[in-house]
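Structure, as structure tokens:
Throughout, a chain's letter reflects where its sequence line sits, starting with A, and its residues are numbered from 1.
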Protein chains: 2
Amino acid sequence: MPDNMVIQGFESAEHDHGDCVADALREAERVCTERGERFTPLRRTVFELLWSSHKPVKAYDLLAQLALTHDRPAPPTVYRALDFLQEAGLVHKLESLNAYIGCGEPGRRHQGQFMICEECGVVAELDDETLTSRIDTNARKIGFKVNDETIEISGLCRQCQQP
Amino acid sequence: MPDNMVIQGFESAEHDHGDCVADALREAERVCTERGERFTPLRRTVFELLWSSHKPVKAYDLLAQLALTHDRPAPPTVYRALDFLQEAGLVHKLESLNAYIGCGEPGRRHQGQFMICEECGVVAELDDETLTSRIDTNARKIGFKVNDETIEISGLCRQCQQP
DNA sequence: GCAAGAATGTTATCTTATATCAAACTATAC
DNA sequence: GTATAGTTTGATATAAGATAACATTCTTGC
Ligand SMILES: [Zn+2]
Ligand SMILES: [Zn+2]
Ligand SMILES: [Zn+2]
Ligand SMILES: [Zn+2]
């Protein structure tokens, strides 16, 4: 495995997104089973809504989508599902956007490093071990014990740089 | 200049914080003058409140502090000052906390890399050129053009790891 | 002084997230 | 199968974070 891997994102416009969703669902079921937790219909629905694209989704947008199939859902409904999915490592929160996105590799515990296109909204999730260890080194120098990393890079994807 | 520099933070408890504030104010005046902008009393007050410690401060806490000396300030008052200070590079927003902190080196344009103690709230601002260039390299590999970096590491400072 | 632009005041509203308690559902033990 | 403890969801209210829009005041250059 290369030390700098693109986990997901910036797929070609024509990629079969149905496959992405199917894979994600299969993984989610596996992860939940492994953890002895329940991938309930509600959690599954929220998860599918998040995977409707490779773009981050806002909690209240999820809520609005949910409202199409559920009777007057309230904010805690979606926030609880998001909390569960984050705990399980199935979803990341993008702090700089207050939005959420499905994790591209939920099997392995990680924080994720994100490249966010300001123009089209597409997000790539990377996992660069070298970057992480550089941060650890810096932390060690000042006696800091790392628990959590928030790494979000915004800019323009290749597509959106075209003239 | 070393390639991994602690710009500020994790100062000894006994450091002369008056010096920090005085330095910060002097730099702020200089930066504003250079930019042809006005470091008004309101902006200065907000800036001083932010520099009252090396911890991030929330906008509504600033507002509450402001209320002690101003007549019923409203949210836009503090958000406008924060916007101005951020534009000028004098203040950073910590996205993972929804809080703001004075920049330790406003002269040079940078995004900042932060180590945030979950226990005591103290924040260290680093600037690791190696880290930044590693991110640029990763971006280049996927054809991404970087505009903005959000790098916030949370954990425990040396003090707060003591048994 | 006067006009134009910048900064601040004021009111209302929007967005994001949580607290709290009630009802429904699920799994296990008997 | 029923009791029951634990988990999940429903429902209401409110907290926390941020902005829109317009009025007023202040500053600066003339
Ligand atoms: Zn991930
Ligand atoms: Zn794009
Ligand atoms: Zn800085
Ligand atoms: Zn600490």
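The aromatic rings of A/F47 and A/W51 lie tilted to each other, with the angle between the two planes from 30° to 60°. Using the six-membered ring where Trp is involved, B/F10 and A/F144 have ring planes that are parallel, under 30° apart on the 30 and 60° scheme.
Remark: side-chain polar atoms of A/T77 are not paired, donor with acceptor, to backbone N or O of A/P73 under 3.5 angstrom.
Considering B/E105, B/H92, B/E129 as possible partners of B/H110, the one that fulfils the side chain to side chain donor-acceptor pair (under 3.5 Å) test is B/H92.
Inspection of the A/Q113 and A/T132 side chains reveals an N or O donor paired with an N or O acceptor under 3.5 Å. Using a 3.5 Å distance cut-off with no hydrogens or angles, the side chains of A/N147 and B/E118 do pair a donor with an acceptor. No side-chain N or O of B/T150 forms a donor-acceptor pair with one of B/E95 less than 3.5 Å apart.
Residue contacts shown for A/P76 include a base, since a base heavy atom lies under 4.0 Å away.
Atom-to-atom, CG of B/L94 to C1' of D/dG17 comes out at 15 Å; the value is rounded to the nearest Å. For A/K93 and C/dT18, the NZ to C1' distance is 12 Å, given to the nearest whole Å. Atom pair B/L66:CG and C/dT10:P shows a separation of 13 Å (rounding to whole Å applied). With rounding to whole Å, B/L63 atom CG is found 13 Å from C/dT10 atom P. Remark: P of C/dT10 and CG of B/D71 are 7 Å apart, rounded to the nearest angstrom. If you measure from atom NZ of B/K58 to atom P of C/dT16, you get 15 Å, rounded to the nearest angstrom. Counting to the nearest Å, the C1' atom of C/dG9 and the CZ atom of B/R72 are 10 Å from each other. Between B/D61 atom CG and D/dA16 atom P there is a gap of 10 Å when expressed in whole angstrom units.
A heavy-atom distance below 4.0 Å to DNA chain C is reached by these residues of residues 25-44 of chain B, ordered by number: B/R38, B/T40, B/L42, B/R43. For the contact set between residues 77-88 of chain A and DNA chain D, defined by any heavy atom under 4.0 Å, the members are A/T77, A/R80.
For A/N98, no side-chain nitrogen or oxygen approaches OP1 or OP2 of D/dG17 to under 4.0 Å. For A/Y100 and C/dT16, the shortest distance from a side-chain N or O to OP1 or OP2 is not below 4.0 Å.
Salt-bridge formation is not detected for the pair A/R26/A/E29: no Lys NZ or Arg NE/NH1/NH2 atom is positioned less than 4.0 Å from an Asp or Glu carboxylate oxygen.
Neither A/V146 nor B/V123 shares a network with the other; the hydrophobic side chains, linked directly or stepwise wherever heavy atoms of I, L, V, M, F, W or Y lie under 4.5 Å apart, form separate groups for each.
Here the nucleotide nearest the side chain of B/A74, chosen from D/dG17, D/dA18, C/dT11, is C/dT11.
A donor-acceptor contact under 3.5 Å is not formed by the side chain of B/Y60 with the base of D/dA15.
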